[in-house]
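The residues of the chain are indexed from 1 along the displayed sequence.
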Amino acid sequence: GGKDYTIVVRRVEAVAGGRCIAFHTDGSTPHTLQVRLSRESDYDGGQLVFATEEGLVATSRKAGSATLHDSSIAHGVSLHTRGVRYSLFFLDSPADAPRAA
């Protein structure tokens, strides 16, 4: 058999005081591919940030650009203070991962 993938469209709206995603790893999937769907002018904050040996690295991505990382990379999202952002995620599911219904 072939590989199984999970595809998710994520919509995140800013809330009063802002919203962020704490640093984490994607331990349940070997790889994550994220495609930014929103324009930079659609929202403030909400940058994808990686924790590397050289320090924190914030990505600057245009709509339609993609980021691929493996499950060992620590990453988070900076404070999102205005607007709505959309992303498309492709998760490379391991053979023993539960499948979406």
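S71 and D26 share no donor-acceptor pair across their side chains, judged by distance under 3.5 Å alone. For Q34 and S87, the side-chain atoms include at least one donor-acceptor pair closer than 3.5 Å. R11 and Y86 share a donor-acceptor pair across their side chains, judged by distance under 3.5 Å alone.
Across all non-hydrogen atoms, the minimal contact from A63 to L37 is CB-O, 3.9 Å. Across all their heavy atoms, L33 and A66 have their closest contact at CD1-CB, 3.7 Å. T81 approaches A14 most closely through the heavy-atom pair C-CB, 3.5 Å.
Remark: R39 engages D42 in a salt bridge (Lys or Arg N to Asp or Glu O under 4.0 Å) (not counting sequence neighbours).
One N or O on the side chain of H80 and one on the backbone of G83 form a donor-acceptor pair closer than 3.5 Å.
Rounding to the nearest 0.5 Å gives a distance of 5.0 Å between CG of L91 and OG1 of T29. Note that the OG atom of S38 and the NZ atom of K62 stand 15.5 Å from one another [nearest 0.5 Å]. Note that the OG1 atom of T67 and the CZ atom of F89 stand 9.5 Å from one another [nearest 0.5 Å].
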Residue pair F90, V35: steps toward the side-chain contact (heavy atoms from CB on, under 4.5 Å) verdict
CA-CA 8 Å; F90 294 83; V35 179; 4.2 Å; yes

Practice problem: Please report the C-alpha distance between R85 and V77 in whole Å, then the side-chain angles of each, then the deciding distance to 0.1 Å, and finally whether the side-chain contact (heavy atoms from CB on, under 4.5 Å) criterion is met. | Solution: CA-CA 12 Å; R85 66 183 178 89; V77 177; 3.3 Å; yes

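Between L88 and I7 there is a side-chain heavy-atom pair separated by less than 4.5 Å. With a 4.5 Å cut-off on side-chain heavy atoms, I73 and H31 do not count as touching.
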Cut-off 3.5 Å, no hydrogens considered: what does the side-chain donor-acceptor table look like for residues 45-56, sequence neighbours left out?
from: Q47; atom 1: NE2; to: T59; atom 2: O; distance (Å): 2.9
from: T52; atom 1: OG1; to: E54; atom 2: N; distance (Å): 3.2
from: T52; atom 1: OG1; to: G55; atom 2: N; distance (Å): 3.3
from: T52; atom 1: OG1; to: G55; atom 2: O; distance (Å): 2.7

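In this structure, F23 has its ring center no closer than 6.0 Å to that of H75.
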